[in-house]
Every structure is written in structure tokens, then in C-alpha cells.
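A, B, ... follow the sequence lines: proteins, then strands. Residue 1 opens every chain.
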Amino acid sequence: DSGVTQTPKHLITATGQRVTLRCSPRSGDLSVYWYQQSLDQGLQFLIQYYNGEERAKGNILERFSAQQFPDLHSELNLSSLELGDSALYFCASSSRDRANEQFFGPGTRLTVL
Amino acid sequence: GDSVTQMEGPVTLSEEAFLTINCTYTATGYPSLFWYVQYPGEGLQLLLKATKADDKGSNKGFEATYRKETTSFHLEKGSVQVSDSAVYFCALSEPRGFKTIFGAGTRLFVKA
């Protein structure tokens, strides 16, 4: 158990819909990262937050957005969903002292029908 | 930009065989290097790391040495077990952890 929690574990929805994925980092970790893992594109970095502020941006679509709240949990919002958005979405966190060691949550499997 | 290239899988081995998974990187600075492992149905777990040239990371019988001259960080294990079956990701991280770049992953199957 990494200490990072993600909800829900599974999500099934239809095209055009909007969903919110939630992540709680390890206790004390200030950084949160979001990744998308699909069969054809591997593990893609989406976005990073540090103590509530956006720190780095990767291959995140405009239809996707994220935020980190004062209690440090984070949410990833996916809108106007397409079939190709079906994937595993992972959240990871890291501490200030060991900023480049990431601890991953179990993931949310999103299926868009 | 920075990148990580690792050998394509799947790699299929018999139990107790020697494992090597190749990883090379491109970076402008002095990154830290990592191997993560993903067991079926789980998230990634940090397996080992090395932060500077000639450092050797090791954990659970796995080893990798940071070779700056060949820009490589190959993963090795002397005797694999069925329980090592997983996907292995090589990764590099820029200083201060602002961004981590992952390789495509290499799936390992170990047969009894």
C-alpha cells in the first residue's frame, strides 16, 4: 500500500459525459501528479500540482482539467468524453525532501462507451 | 527534450534465468534515474534508483548502474522468479522532481 488513494476504482460512462476522478496523496506529500495509461500510448504524464499550484504540464487535453485543494487532495476533471479517453488514470504523490520519488495510487479505470 | 528508451517486450524467461532489460536515456542535465515495477492490476512502485554517475541502485535482487558514458541504466537480476512477472518502467527525473519521464515499459513473463 503506497498511501495514495484514488476513487472511484472503476468508472463506466458514455461519450460526451463529464467525470471527476479523486486522489488523496500520502500524508505530508505536497506534490500530486496525474498520469494516463492506455494500451497504445503507454504512461503519459498529464499534470503536476505542488501545494495547490500548477507546477508542470504534460500532454493534457483542453477537455481535461485538474486542481489541488487546500487539504492537498486533487481532482482530475474529464469532459466531453470520447471513446479514446478510456484508460487507467493514475495519481502519484511525492514529498518535498524526495521530490523525484513518486508513490502511485491504484488507479481509476475509466471506460467510455 | 529528455527521453527514455527501453527494450520492447514482452520478455519471456524461465524461472531462475538471468534478466536484463535495457534502458538508455537522453538528457541535457544530470537527471536521477529510476526503475518502477507495475504488477497486474496495481499502480507503479519504485523498485530502485540512482542519483549520480556510477551509482548502483538495488532492491529485491534487482540492480542497475547509472552509466553516464553510455547514457544507460540497464536492469538486471541474477535469478528471476514467477512472482517477478510484471511490467518494468525505466524513468528519469529532472532536478527537483519537476517532471519525470517514463519509458514505454517492458513486460516480463516468467514461466515456472
Side-chain angles (χ1 to χ4, degrees), chain A residues 1-10 21 23-26 29-51 53-60 76 87-109, chain B residues 1-10 21 23 25 27-52 55 57-60 64 66 73 86-108:
Chain A
D1 184 354
S2 67
V4 178
T5 60
Q6 289 187 248
T7 56
K9 194 170 176 62
H10 301 280
L21 312 183
C23 167
S24 292
R26 291 189 319 158
D29 284 359
L30 300 180
S31 280
V32 170
Y33 310 77
W34 285 99
Y35 293 89
Q36 179 192 60
Q37 186 178 39
S38 57
L39 283 175
D40 57 345
Q41 293 200 353
L43 194 66
Q44 299 287 320
F45 168 70
L46 296 178
I47 198 164
Q48 180 203 357
Y49 279 81
Y50 179 83
N51 202 22
E53 299 289 328
E54 183 183 304
R55 175 63 64 87
K57 219 167 186 176
N59 301 322
I60 188 165
L76 179 67
L88 266 170
Y89 290 85
F90 287 106
C91 168
S93 72
S94 66
S95 68
R96 182 177 179 176
D97 294 339
R98 293 187 172 188
N100 54 19
E101 290 184 26
Q102 296 183 26
F103 292 82
F104 281 75
T108 293
R109 180 172 292 281
Chain B
D2 295 357
S3 66
V4 174
T5 303
Q6 55 183 112
M7 62 187 288
E8 284 190 30
I21 300 179
C23 171
Y25 68 91
T28 51
Y30 299 93
S32 295
L33 301 176
F34 305 84
W35 278 100
Y36 283 82
V37 59
Q38 184 179 26
Y39 297 104
E42 298 183 12
L44 280 71
Q45 301 174 25
L46 179 62
L47 181 59
L48 53 84
K49 71 170 187 177
T51 57
K52 61 183 187 298
D55 265 3
S58 61
N59 186 25
K60 299 181 182 180
Y66 190 143
F73 193 56
V87 181
Y88 292 82
F89 292 88
C90 184
L92 70 80
S93 176
E94 299 169 354
R96 298 184 58 78
F98 284 1
K99 193 171 180 180
T100 297
I101 297 169
F102 287 85
T106 302
R107 185 175 296 275
L108 170 67

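Within the 4.5 Å cutoff, the side chain of A:Gln102 has no heavy atoms near those of the B:Leu46 side chain. Side-chain atoms of A:Leu43 and B:Leu44, non-hydrogen and from C-beta on, do get closer than 4.5 Å to each other. Put simply, the side chain of B:Phe34 reaches to within 4.5 Å of the side chain of A:Glu101, judged on heavy atoms.
Scanning for ring-ring contact (aromatic ring centres under 6.0 Å, His included) contacts around B:Phe89 gives an empty result, with sequence neighbours left out.
Annotation: B:Glu42, atom CD; neighbour count of heavy atoms from other residues, nucleotides and ligands within 6.0 Å is above 12. Atom OH of B:Tyr30 has 12 or fewer neighbouring heavy atoms from other residues, nucleotides or ligands inside a 6.0 Å radius. Residue A:Arg26 places its CZ atom among more than 12 non-hydrogen atoms of other residues, nucleotides or ligands, all under 6.0 Å distant.
Less than 6.0 angstrom separates the ring centroid of A:Tyr35 from the ring centroid of B:Phe102.
Residue contact with chain A, scored on non-hydrogen atoms closer than 4.5 Å, is absent for B:Gln45. Contact of A:Gln37 with chain B is made through the side chain alone, with heavy-atom distances under 4.5 Å. Interface residue A:Phe90: only side-chain heavy atoms are found under 4.5 Å from chain B.
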